[in-house]
Amino acid sequence: MNCLEFRARLGPYVDGELPVADIAAAEAHCAACPDCARARDAEREFRSLLRRQPREVAPPELRARILAEVRRRSRRSVRALRLLVPAGAVAVVLTALALLLPGRQSSDLVAALVDKHIAYAQLDRPAELASGDREEVAAWFRQRAALRVIVPDYSASGIRLVGARLAEAGERRAAYLLYEKGRTLLSVFMVPVSGRDVRMEGTRLSYRGEEYVTHERKGYRTVAWTDGRTLFGLVSALDYEALLECADRLRAEHADRTRL
């Protein structure tokens with residue numbers, strides 16, 4: 001990677017959104033190029049400053065009006081399509097659109113989470129919000145992206161919360177929680193999905209009466225499951241017993257909240 005290529009990828013590199021190979025190439029370039037290393041540090045400091053600024057949150061009434069307008073225009077577009085195209089062709093067009101839209105997930109989403117875990121592990125500061133306070137992290141997700149996120153407490157297992165960020169996985173916005181046990185990173189992802197488009201490769205097993213999918217990818221272990229609306233994925237070099245214990249804790253806290 002040369003200086004021109006590095007500068008073109010500076011934003012995604014600092015955010016940890018580049019492929020693993022590109023992140024490694026960028027790190028190697030910074031080690032050999034003081035100017036680009038200074039640009040990287042300045043960009044990180046700038047983004048850190050932005051994250052400390054107050055954020056204005058859209059009121060619920062405005063969000064509702066925007067969503068209603070989007071739905072109205074979507075229905076109008078479909079009606080116009082039916083007027084212009086024969087009925088049989090409409091079905092073909094709508095099927096093609098469904099296959100092309102980002103919401104359609106044909107590849108293994110958990111594999112994408114492993115790549116995210118590896119990419120974030122190579123960043124100096126992988127968390128947008130560095131905090132061990134569960135309430136602060138949950139409030140940050142609500143204010144930043146209107147997400148209600150469960151932040152499980154793993155302290156009894158010697159695993160501490162160190163921060164959070166918003167991530168992209170399979171062209172979806174995901175909540176990412178960062179934990180550490182010693183120097184071992186544990187990533188907890190929560191990705192919005194629909195039941196019909198989730199594919200998880202691996203070994204299915206039962207733990208304390210619940211079903212999970214486990215798999216090893218690129219030297220990391222994964223434990224995943226879905227409730228039909230959200231895919232929960234844990235990625236780490238920790239052993240499966242520890243990961244399943246963490247998954248069970250998260251699942252229990254999620255169930256407690258949905259019963260409220």
Side-chain angles (χ1 to χ4, degrees), residues 14-17 44-60 63 109-110 112-114 116-170 172-193 220 222-227 229-238 242-260:
V14 170
D15 285 338
E17 301 299 338
R44 284 175 174 168
E45 184 60 32
F46 173 68
R47 289 171 186 247
S48 177
L49 177 63
L50 287 180
R51 288 194 290 270
R52 294 196 295 270
Q53 302 308 303
R55 297 180 183 275
E56 295 294 334
V57 179
R63 291 174 55 83
L109 187 54
V110 180
L113 301 184
V114 174
K116 290 295 178 184
H117 174 89
I118 295 171
Y120 293 150
Q122 297 184 51
L123 299 179
D124 289 339
R125 289 177 290 218
E128 287 184 82
L129 172 68
S131 173
D133 187 317
R134 297 167 61 209
E135 293 185 2
E136 181 183 8
V137 169
W140 181 82
F141 277 115
R142 289 194 301 270
Q143 295 165 6
R144 178 77 187 276
L147 293 175
R148 293 183 64 195
V149 175
I150 295 293
V151 185
D153 180 9
Y154 297 144
S155 58
S157 301
I159 301 172
R160 66 185 186 93
L161 174 68
V162 295
R165 71 177 291 150
L166 290 172
E168 293 289 335
R172 304 164 190 261
R173 175 169 284 190
Y176 168 57
L177 300 173
L178 173 65
Y179 293 84
E180 287 182 347
K181 184 171 186 178
R183 294 188 177 182
T184 302
L185 175 68
L186 165 63
S187 293
V188 178
F189 295 94
M190 302 176 200
V191 189
V193 297
Y220 293 93
T222 67
V223 171
W225 74 98
T226 178
D227 64 359
R229 297 183 300 274
T230 304
L231 181 141
F232 300 87
L234 280 64
V235 185
S236 182
L238 294 172
L243 286 179
L244 288 166
E245 178 68 32
C246 289
D248 182 71
R249 178 65 181 171
L250 172 56
R251 201 162 192 163
E253 293 193 18
H254 179 71
D256 287 343
R257 191 186 75 174
T258 55
R259 282 195 291 265
L260 295 178

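Side chains are part of it too, since the values below use all heavy atoms of this structure and drop only hydrogens, waters and symmetry mates.
Taking both residues in full, the closest heavy atoms of Gly158 and Lys181 are given as O-CG, 3.6 Å, listed atom of the first, atom of the second, then distance. Contact detail for Ile150 and Met190: the closest heavy-atom pair is O-CE, 2.9 Å. Across all their heavy atoms, Ser236 and Leu186 have their closest contact at CB-CD1, 3.8 Å. Shortest non-hydrogen contact noted between Gly163 and Ala127 is CA-CB, 3.9 Å. Shown here for Thr222 and Leu243, the closest heavy-atom pair between the two residues is N-CD1, 4.5 Å. When all heavy atoms of Leu250 and Tyr154 are compared, the closest pair comes out as CB-OH, 3.6 Å.
No donor-acceptor pair closer than 3.5 Å links the side chain of Thr230 to the backbone N or O of Pro192. A donor-acceptor pair under 3.5 Å is absent between the side-chain atoms of Ser157 and the main chain of Ile159, judged by distance alone. With hydrogens and angles disregarded, no donor-acceptor distance shorter than 3.5 Å links the side chain of Tyr179 to the backbone of Val188.
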*Starting from the C-alpha separation in whole Å, work towards a yes-or-no answer on side chain to side chain contact (heavy atoms under 4.5 Å, CB included) for Arg165 and Leu178.*
CA-CA 8 Å; Arg165 71 177 291 150; Leu178 173 65; over 6 Å; no
*Should Arg251 and Phe232 be marked as a side chain to side chain contact (heavy atoms under 4.5 Å, CB included) after you check the CA-CA gap, both sets of side-chain angles, and the distance that decides it?*
CA-CA 9 Å; Arg251 201 162 192 163; Phe232 300 87; over 6 Å; no
*I would like to know whether Arg144 and Leu129 meet side chain to side chain contact (heavy atoms under 4.5 Å, CB included); could you show each step before the answer?*
CA-CA 11 Å; Arg144 178 77 187 276; Leu129 172 68; over 6 Å; no
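Judged as a ring-ring contact (aromatic ring centres under 6.0 Å, His included), and not counting sequence neighbours, the contacts of Phe189 are Tyr176.
Contact of the Leu177 side chain with the Phe141 side chain is registered, since non-hydrogen atoms from C-beta on lie closer than 4.5 Å.
Taken to the nearest 0.5 Å, the OH atom of Tyr220 stands 8.0 Å off from the CG atom of Leu185.
Ser155 and Asp153 share a side-chain donor-acceptor pair at under 3.5 Å.
In this structure, Glu253 pairs ionically with Arg249, as a charged nitrogen and a carboxylate oxygen lie closer than 4.0 Å.
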